[in-house]
Amino acid sequence: VLLANVLHSLQSIGKSITTAEAPIKEKYARKILLGTHKEGGAVTFWSHVVSLPLASNAILSWKFCHMVHKLLRDGHPNVNSRGHVPSIKQMGILWGSLHDRYGHIVALYAKFLCIKIDFHCKHKEIPANLETPDEVLERTIAVDINKVISLYCCACDVVFRQLETNSTSSTTSVGQCRLAPLVLVIQDCSPLYHYLVKLLFKLHSRIPVDALLGHRERFRNQFDNLTQFFEKARGMEFFKTIIQIPDLPDSPPNFLRAASLADHVKPVVVRNQELPDDDDTETQLDFGEAPVDPVLRETEVDSLRRELEAVKPELQMFKAEAQRAVVQLKEQVNMLEAELEEQRTHKQMALVENEHLRMEVEALRTQSAVAASLQASMHFSRLKEKHAELVTRHADLMRKNADMVKQLSSTQQAQEELFKTKEQMAQELEQLRQEKYTKVELPYNCQMSLGKAEIMQVQTALQSKEKAGDEINSVLMGLQAEKEVLLRSVKEQEAELINLRQAAKMHQATLVQERERSQRETSSLQSQLQAKVRSSRESMLQQKLQEEQFCLLQCAVVEAEGIILDAVAKVDDPMHVRCVSTPEYLINRAKTTLVSIDKMQQSHAGYLRNMDDASGLLRAVTQFSHLAADTIVNGAATAHAVPTDEADRLTDNCRDCATHCLQFLKELKLKPTLQRADPTAIRYVVQRILNQGHDLQHKDADIQKAELADLVDTEMAATSTAIEEAVLKMDEILSQARRDTSGVKLEVNQSIIGSCSDLMKAIHMLVTAATDLQKDIVESGRGAGSVKDFYAKNSCWTEGLISASKTVGWTATQMVESADKVVTDRGKYEELIVCSHEIAASTAQLVAASKVKADRSNKKLHTLQHASRHVNDMAAVVVTSTKAGQMQIEDKNPMDFSGISLIKLKTEEMESQVNSVKVSIDHNLGLFQ
């Protein structure tokens with residue numbers, strides 16, 4: 001069975017990866033994938049494709065990449081592709097350098113497969129089909145998926161351009177051959193887009209927004225490319241019959257708002273029902289296969305189904321274990337993610353710089369060594385050749401000298417023999433002469449003739465010997481002269497050899513000096529390299545320190561902006577209207593703020609000179625924000641106690657100060673505008689507030705004492721008059737209610753108006769007691785001075801008394817208006833209750849202002865306190881009667897639903913729900929503001 005499976009896989013591989021420009025048939029691809037599951041790997045596939053001529057045919061390489069992509073997505077998990085990455089990469093480089101129809105897209109596809117294989121080897125928790133839960137994704141993903149999507153979109157764009165250039169239709173086999181791998185690409189792009197969105201939201205929740213600006217721009221580019229790719233693919237008939245391409249949103253997600261993650265929908269690619277292939281006959285004709293037995297096919301299918309059922313529990317167990325492991329590693333990965341990227345970037349920069357410097361040192365060292373060795377070898381070779389020539393000539397001369405010495409010695413021997421023979425013949429001749437005288441005359445003649453003949457022979461021999469001796473002497477003289485010439489030549493050669501030896505020694509010394517100099521240069525370059533590496537490391541640390549200091553500065557600036565915004569909110573807050581300040585305190589705050597502005601400007605200049613330390617600027621910004629906010633709040637409080645024109649101008653100056661402060665802090669928060677951040681505009685506005693405070697101080701000092709005293713009397717009299725008018729108005733309202741109403745409504749109105757009248761009378765008693773106590777305080781406290789002097793001396797107390805009197809008169813008027821509205825059904829009972837509380841608070845303010853200067857044992861003070869308690873009791877009676885009257889009115893008019901139809905009832909119920917929702921939304925908006 002195993003051999004049959006291998007044969008089926010080999011036949012399917014041979015039929016799918018061919019040179020025909022047509023797409024891979026699904027049944028062959030399915031057989032290959034089933035073969036990997038039966039085999040438990042892809043050994044058969046890799047052993048067969050190694051022998052394919054991928055480097056000679058681009059279509060074959062394109063189909064090979066397509067089949068590898070299918071194996072990675074749907075094959076057995078043990079498909080061992082890591083070892084084949086170099087060959088795939090080499091194939092991509094080869095086809096990328098050739099101008100072929102499929103060359104460029106084969107190169108891009110090969111590059112993508114290498115990246116995909118490396119990605120899944122690093123992140124084994126993510127399967128090759130990219131179908132993984134979000135929990136596993138959040139704990140595992142720590143890689144830039146932009147690169148994968150970029151290669152996807154680039155390859156798809158090239159394929160589409162080629163189709164448009166060659167006017168190829170997607171319905172032809174040629175067009176489908178190029179478009180078939182894009183089905184897998186679309187299936188991969190959807191989960192990758194989902195992963196990238198989740199990852200960016202996760203980064204934005206942990207890293208400052210400004211640091212991720214580049215990530216958002218890159219994502220926007222990838223989003224646009226992916227959208228264009230999906231639109232193009234959606235318009236082709238080929239993809240419509242195979243898959244359903246998901247719709248991406250019109251705009252990329254807003255990563256600056258964390259709530260946008262809930263609006264993100266994961267795009268899902270749905271594959272349509274695949275049509276059966278109709279080329280079984282062709283396949284059998286091509287390879288002569290026998291038809292498969294149906295029983296054997298059913299048996300094989302059942303066995304495969306049983307194997308899958310047996311593997312499913314193990315697969316579920318593996319998934320559960322992987323999820324648990326990923327859960328444990330999620331937090332660590334998330335914490336180390338950003339630091340790892342930063343360290344990787346720094347490391348890459350350092351490695352590049354180090355490699356560059358090392359290459360420069362090696363190049364210099366190699367260049368100097370090669371030049372020195374080349375020069376030395378050339379000079380040494382010349383010396384060596386000259387020395388060899390001299391040695392050869394010297395040896396020749398020595399041989400010649402030896403030959404001449406031999407010839408000379410032989411010539412001398414011959415000459416000596418000639419001398420000996422000549423002496424011997426002379427001796428014989430002398431002997432013969434002596435014998436001639438001694439012998440007889442008879443033989444004299446014979447012997448004489450013989451002697452003469454011998455003498456003649458001897459003379460001729462002697463002459464020949466003398467000639468030979470002369471020749472030998474001449475040869476000897478020539479040899480002697482040649483010997484002298486040879487000796488002189490030998491001496492010259494020896495002198496030249498000595499000179500060459502001295503030159504060689506000098507050159508050797510020069511080489512030693514050059515080597516020492518090159519060693520010194522190498523050591524200096526190494527020291528420079530170490531210094532550069534050390535300086536680069538120090539610069540990296542310094543840059544990191546500067547970034548941390550700037551982050552601290554940004555945090556301080558954000559806090560300062562919050563303080564300024566809170567101060568501006570208080571300026572426009574209605575609850576702040578009661579807060580009052582004096583020009584003197586405003587002047588003090590403005591002067592302190594100007595000093596803090598000078599300190600902040602100095603600290604800003606110091607930080608620009610040395611960005612490693614931002615502590616001074618942090619302290620200056622914090623102090624400035626608090627003082628500026630204090631100045632704004634006190635300026636608004638001072639405006640509450642001055643005339644309208646002055647108040648408007650002071651309030652506008654406070655708002656201008658807040659605006660300039662926020663602008664300065666915004667420039668201080670961003671690196672591009674940090675250099676030009678200037679608080680001059682703030683100083684100018686604060687100086688205007690200071691000048692206006694001085695003007696208000698002078699105006700207050702110029703108020704005449706009579707005016708202040710008269711103002712107190714006027715306000716107290718006006719308050720008393722307002723209360724009396726309120727009492728009269730209450731009587732009129734009661735009379736009108738008796739004329740217009742009857743029954744329960746009349747009883748309620750009488751109860752409410754009666755309690756309000758009693759409250760007004762109690763307030764009138766309180767104001768009278770306060771006036772008596774004020775006069776007593778003035779009489780006992782002025783001493784020898786006049787009443788005007790006392791009020792002028794205690795101006796702050798006088799102003800508080802005036803403010804309290806105004807508040808009491810105003811609240812009494814509001815009470816009358818609210819009671820009138822309630823009686824005439826134009827107002828709400830709650831308004832009357834609120835007015836009661838306001839009256840109690842304003843009378844308490846009047847009592848507090850009167851008690852400041854009063855003696856504790858003063859009887860009029862006790863009278864005032866009793867009147868205050870009486871006012872509180874009457875206010876409580878008003879509240880009680882109002883609530884009781886409201887309940888009576890509501891009980892009197894029960895709701896009658898008998899005449900309302902079901903549709904109308906539902907309509908009113910929906911309207912009430914709509915009103916409730918509107919009230920809830922308004923309430924939430926108010927809380928948010």
Side-chain angles (χ1 to χ4, degrees), residues 12-33 42 45-46 48-75 79 81 84-117 128 148 150-189 229 232-233 236 238-239 242-243 277:
S12 299
I13 294 169
K15 293 176 182 179
S16 59
I17 306 177
T18 61
T19 58
E21 196 169 2
I24 297 176
K25 297 189 183 329
E26 285 297 325
K27 68 174 185 178
Y28 298 146
R30 193 182 306 112
K31 288 182 180 180
I32 295 172
L33 296 176
F45 175 81
W46 291 114
H48 181 74
V49 298
V50 169
S51 60
L52 294 177
L54 300 177
S56 61
N57 192 288
I59 300 176
L60 201 67
S61 301
W62 178 251
K63 289 188 176 182
F64 164 73
C65 294
H66 185 192
M67 197 63 235
V68 171
H69 196 178
K70 280 181 173 290
L71 285 177
L72 293 177
R73 279 189 55 87
D74 303 321
V79 174
S81 305
H84 301 277
V85 169
S87 59
I88 296 175
K89 188 179 295 184
Q90 185 176 3
M91 180 193 70
I93 295 173
L94 171 64
W95 286 110
S97 60
L98 299 177
H99 298 287
D100 188 80
R101 292 182 303 158
Y102 284 82
H104 190 39
I105 56 177
V106 168
L108 291 175
Y109 209 168
K111 187 176 181 181
F112 154 69
L113 289 176
C114 295
I115 294 176
K116 183 176 178 67
I117 293 171
V148 183
S150 298
L151 285 175
Y152 273 138
C153 296
C154 185
C156 300
D157 188 43
V158 172
V159 171
F160 289 146
R161 285 205 310 269
Q162 287 188 357
L163 289 175
E164 294 172 358
T165 303
N166 299 330
S167 299
T168 305
S169 175
S170 62
T171 57
T172 62
S173 60
V174 176
Q176 292 177 0
C177 180
R178 301 183 190 179
L179 294 176
L182 300 188
V183 176
L184 304 178
V185 170
I186 294 173
Q187 291 178 332
D188 284 348
C189 281
F229 164 49
K232 288 183 179 179
M236 292 188 176
F238 173 73
F239 294 105
I242 297 178
I243 57 174
D277 294 324

**Student:** Mark yes or no for whether W62, through its side chain, and I105, through its backbone, hold a donor-acceptor pair below 3.5 Å.
**Tutor:**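 No, the answer is negative, given that no donor and acceptor are paired below the 3.5 Å cut-off.
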
**Student:** Provide the closest heavy-atom pair for Q176 versus F238 in the form atom of the first, atom of the second, distance.
**Tutor:**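 Here Q176 and F238 meet closest at CG-CD1, 3.5 Å.
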
**Student:** With rounding to the nearest 0.5 Å, note down the distance linking CZ in F45 to CD1 in I32.
**Tutor:**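 One gets 6.5 Å once the value is rounded to the nearest 0.5 Å.
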
**Student:** Quick one: are M67 and I13 in side-chain contact, heavy atoms under 4.5 Å?
**Tutor:**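 SC-SC contact between M67 and I13 ruled out.
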
**Student:** Is there side-chain contact between F229 and V185, with heavy atoms separated by less than 4.5 Å?
**Tutor:**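 Touching, per the 4.5 Å side-chain cut-off.
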
**Student:** Using every non-hydrogen atom in the two residues, find where L184 and Y109 come nearest and quote the distance to one decimal.
**Tutor:**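 The answer is CD1-OH, 4.5 Å.
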
**Student:** So, taking the atom named CD in Q90 and the one named SG in C114, what distance separates them when rounded to the nearest 0.5 Å?
**Tutor:**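 It is 11.0 Å, given to the nearest 0.5 Å.
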
**Student:** Could you tell me if the side chain of K116 sits less than 4.5 Å from the side chain of D188, heavy atoms only?
**Tutor:**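 Sidechains of K116 and D188: in contact.
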
**Student:** For L60, does its backbone N or O pair with a side-chain atom of T19 as donor and acceptor, under 3.5 Å?
**Tutor:**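 Not a single qualifying donor-acceptor pair exists.
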
**Student:** For A107 and G96, work out which heavy atoms get closest and say how close.
**Tutor:**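 Closest heavy-atom pair between A107 and G96: CB-CA, 3.6 Å.
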
**Student:** Do W95 and Y102 have their ring centres less than 6.0 Å from each other?
**Tutor:**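 Not under 6.0 Å, so no.
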
**Student:** How close do S173 and P23 get, counting heavy atoms only, and between which atoms?
**Tutor:**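 Smallest interatomic distance, heavy atoms only, reads O-CD, 3.6 Å.
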
**Student:** Going from NE2 on H69 to CD on Q187, what distance comes out if it is rounded to the nearest 0.5 angstrom?
**Tutor:**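 Between atom NE2 of H69 and atom CD of Q187 there are 8.5 Å.
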
**Student:** When rounded to the nearest 0.5 angstrom, what distance separates CG in L108 from SG in C65?
**Tutor:**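 So the CG of L108 and the SG of C65 are separated by 10.5 Å.
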
**Student:** Would you name the heavy atoms of G92 and A110 that are closest together and state the gap between them?
**Tutor:**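 Scanning both residues completely, I find the closest heavy atoms to be CA-CB, 3.7 Å.
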
**Student:** Taking side chain as C-beta onward, heavy atoms only, is K70 less than 4.5 Å from E26?
**Tutor:**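 K70 reaches E26 side chain to side chain.
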
**Student:** Once rounded to the nearest 0.5 Å, what's the spacing between atom CD1 of I88 and atom CG of L54?
**Tutor:**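 Rounded to the nearest 0.5 Å, the CD1-CG separation comes out at 9.5 Å.
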
**Student:** I59 and A20: which non-hydrogen atoms are nearest, and at how many Å?
**Tutor:**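 Nearest pair, atom of I59 first, then A20: CG2-O, 3.7 Å.
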
**Student:** Kindly compute the distance separating CG (L33) from CZ (R73), expressed to the nearest 0.5 Å.
**Tutor:**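 The CZ atom of R73 is 11.0 Å from CG of L33, to the nearest 0.5 Å.
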
**Student:** Answer whether the closest heavy-atom distance between the side chains of V68 and W46 falls below 4.5 Å.
**Tutor:**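 In short, these two side chains touch, coming nearer than 4.5 Å.
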
**Student:** Return the set of residues passing side chain to side chain donor-acceptor pair (under 3.5 Å) with T18 (not counting sequence neighbours), or none when no residue passes.
**Tutor:**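 Scan of T18 (side chain to side chain donor-acceptor pair (under 3.5 Å), adjacent residues dropped) gives K63.
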
**Student:** What I'd like to find out is whether the side chain of L113 reaches to under 4.5 Å of the side chain of F64, using heavy atoms alone.
**Tutor:**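 Not touching, per the 4.5 Å side-chain cut-off.
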
